[in-house]
Participant: 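Sharing a structure below in structure tokens format, with a few things to ask.
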Amino acid sequence: MDVQQRIDEAGRTVTITEAGDESTVTISRDYTTGVEDLWDACTNPERLPRWFAPVHGDLELGGEYRVEGNASGTVLACDPPGSFHISWEFGGARSDVHVTLTPLPAEGGKERTRFELAHVAPLSEFWERFGPGAVGVGWDLSVLGLGLHLETGSDIPAEIDEWGTSPEAIRFMESSARAWEAAHLAAGADPEAVRASAERTIAFYTQAPDEAPGEAPE
């Protein structure tokens with residue numbers, strides 16, 4: 001894998017409300033597939049385990065869901081095949097995830113669709129310590145898994161588990177954290193605080209024996 005190429009395939013932004021009480025961490029990537037196929041990959045309970053994780057519950061408007069070994073929540077809005085909005089409840093904290101799929105002009109006769117995920121959360125001590133990378137690196141891994149699944153048709157989670165402690169994986173996670181550090185700086189945050197939070201996030205994801213952000217949301 002060309003780690004830097006995979007990192008560069010995704011766009012990342014960080015925004016903080018003027019009141020300083022809420023953050024939005026957004027990741028986007030263009031995939032070579034149609035919007036219907038990408039919607040199916042993101043919402044079909046038989047397909048989700050192939051690149052993300054098993055998801056149980058009622059995947060319909062108003063339904064409750066649970067990501068195996070991770071978050072749970074409620075489907076708050078659903079407009080197939082364009083967008084959905086879910087609550088994201090993990091470790092006693094509540095945040096929101098918005099996913100938007102946008103068809104793009106075809107290239108070389110192949111359909112293309114932009115995937116965009118925005119994770120909106122109240123600012124907290126967790127954010128002060130670890131910044132956007134604590135959730136951003138996890139979403140980067142998900143976006144990578146989705147891309148590999150769409151490209152190969154393979155079941156990616158098992159491969160990711162085996163790959164997760166390799167030098168290549170460590171490079172990917174550190175590069176992701178650095179990309180989120182850059183996005184955080186672009187949002188106008190204090191450079192010293194941004195650097196410190198990025199280092200703590202890297203320490204967690206690369207398994208360094210340093211302080212860790214607990215269980216990351218992704």
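All residue numbers refer to positions in the sequence shown, counting from 1. Note that the structure is a prediction, hence the values are computed from the model and not measured. Only heavy atoms go into these numbers, but all of them, side chains included; no hydrogens, no water, no symmetry mates.
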Participant: So does T15 get a backbone contact from the side chain of T24, meaning a donor-acceptor N/O pair under 3.5 Å?
Facilitator: no
Participant: Do the side chains of V120 and V143 join up, straight or via other hydrophobic residues, at under 4.5 Å, putting them in one cluster?
Facilitator: no
Participant: When clusters are formed by joining ILVMFWY residues with side-chain heavy atoms under 4.5 Å apart, either directly or through shared neighbours, do I86 and W51 land in the same one?
Facilitator: yes
Participant: According to salt bridge (Lys or Arg N to Asp or Glu O under 4.0 Å), who are the partners of D79, at least two apart in sequence or on a separate chain?
Facilitator: none
Participant: Does the side chain to side chain contact (heavy atoms under 4.5 Å, CB included) test come out yes or no for N44 and R50, once each step is laid out?
Facilitator: CA-CA 10 Å; N44 186 334; R50 302 187 65 192; over 6 Å; no
Participant: Given F84, which of T100, V99, L76 fulfils the side chain to side chain contact (heavy atoms under 4.5 Å, CB included) condition?
Facilitator: V99
Participant: Using a 3.5 Å distance criterion without hydrogens, assess whether the side chain of R112 forms a donor-acceptor pair with backbone atoms of E107.
Facilitator: no
Participant: List for me each residue that meets salt bridge (Lys or Arg N to Asp or Glu O under 4.0 Å) alongside E22, sequence neighbours excluded, and say none if there are none.
Facilitator: none
Participant: Quick check: closest heavy atoms across T152 and L148, and the distance to 0.1 Å?
Facilitator: OG1-O, 2.7 Å
Participant: Please tell me if the side chains of S23 and V14 come closer than 4.5 Å, counting only heavy atoms from C-beta onward.
Facilitator: no
Participant: How long is the gap from CG on L104 to CG on D30, to the nearest 0.5 Å?
Facilitator: 5.0 Å
Participant: Is the shortest heavy-atom distance from the side chain of T113 to the side chain of D37 under 4.5 Å?
Facilitator: no
Participant: Keeping T102 on the side-chain end and R114 on the backbone end, is there a donor-acceptor pair under 3.5 Å?
Facilitator: no
Participant: Are E192 and R195 within salt-bridge range, i.e. N to O under 4.0 Å?
Facilitator: no
Participant: Which pairs with one or both residues in residues 56-71 pass salt bridge (charged side-chain N to carboxylate O under 4.0 Å, His left out), sequence neighbours excluded?
Facilitator: none
Participant: Residues two or more places apart in sequence or in another chain: which of them pass ring-ring contact (aromatic ring centres under 6.0 Å, His included) with Y65?
Facilitator: none
Participant: Would the distance check show the side chain of R29 and the main-chain N or O of I27 forming a donor-acceptor pair, the cut-off being under 3.5 Å?
Facilitator: no
Participant: Would you name the heavy atoms of L146 and A41 that are closest together and state the gap between them?
Facilitator: CD1-CB, 4.0 Å
Participant: State, with a plain yes or no, whether a side-chain heavy atom of H184 is found less than 4.5 Å away from one of S197.
Facilitator: yes
Participant: How far apart are the closest heavy atoms of T43 and W39, and which atoms are they?
Facilitator: OG1-O, 2.7 Å
Participant: Looking only at non-hydrogen atoms, find the nearest pair between G62 and T74 and report the distance.
Facilitator: O-CG2, 3.9 Å
Participant: Any chain of hydrophobic side-chain contacts (each under 4.5 Å) joining L101 to L48?
Facilitator: yes
Participant: Identify each donor-acceptor pair in which a side-chain atom of residues 171-182 lies under 3.5 Å from a protein atom, sequence neighbours left out, and give them as a table.
Facilitator:
{"from": "S175", "atom 1": "OG", "to": "R171", "atom 2": "O", "distance (Å)": "2.8"}
{"from": "S176", "atom 1": "OG", "to": "D140", "atom 2": "OD2", "distance (Å)": "2.7"}
{"from": "R178", "atom 1": "NH1", "to": "E181", "atom 2": "OE1", "distance (Å)": "2.9"}
{"from": "R178", "atom 1": "NH1", "to": "E199", "atom 2": "OE2", "distance (Å)": "3.0"}
{"from": "R178", "atom 1": "NH2", "to": "E199", "atom 2": "OE2", "distance (Å)": "2.7"}
{"from": "W180", "atom 1": "NE1", "to": "G136", "atom 2": "O", "distance (Å)": "3.1"}
{"from": "W180", "atom 1": "NE1", "to": "D140", "atom 2": "OD2", "distance (Å)": "3.0"}

Participant: Do you know the tightest heavy-atom contact between R47 and H149?
Facilitator: NE-NE2, 3.1 Å
Participant: Any side-chain heavy atom of V25 sitting closer than 4.5 Å to one from W127?
Facilitator: yes
Participant: What are the two closest non-hydrogen atoms of A53 and V67, and how far apart are they?
Facilitator: CB-CG1, 3.8 Å
Participant: With clusters defined by side-chain heavy atoms of hydrophobic residues (ILVMFWY) lying less than 4.5 Å apart, directly or transitively, does I7 cluster with Y205?
Facilitator: yes
Participant: What is the distance from atom CG of N70 to atom CZ of F52, rounded to the nearest 0.5 Å?
Facilitator: 6.0 Å
Participant: So for atom CD, which belongs to Q5, do other residues, nucleotides or ligands contribute more than 12 heavy atoms lying within a distance under 6.0 Å?
Facilitator: yes
Participant: Is there a path of hydrophobic side-chain contacts, each under 4.5 Å between heavy atoms, that joins L59 and V35?
Facilitator: yes
Participant: For residues 89-97, which side-chain N or O atoms pair as donor and acceptor with protein atoms under 3.5 Å away, sequence neighbours left out?
Facilitator:
{"from": "E89", "atom 1": "OE2", "to": "S87", "atom 2": "OG", "distance (Å)": "3.2"}
{"from": "R94", "atom 1": "NE", "to": "D96", "atom 2": "OD1", "distance (Å)": "3.3"}
{"from": "R94", "atom 1": "NH2", "to": "D96", "atom 2": "OD1", "distance (Å)": "3.2"}
{"from": "R94", "atom 1": "NH2", "to": "D96", "atom 2": "OD2", "distance (Å)": "2.8"}
{"from": "S95", "atom 1": "OG", "to": "W88", "atom 2": "O", "distance (Å)": "3.3"}
{"from": "S95", "atom 1": "OG", "to": "H119", "atom 2": "NE2", "distance (Å)": "2.8"}
{"from": "D96", "atom 1": "OD2", "to": "H85", "atom 2": "NE2", "distance (Å)": "2.8"}

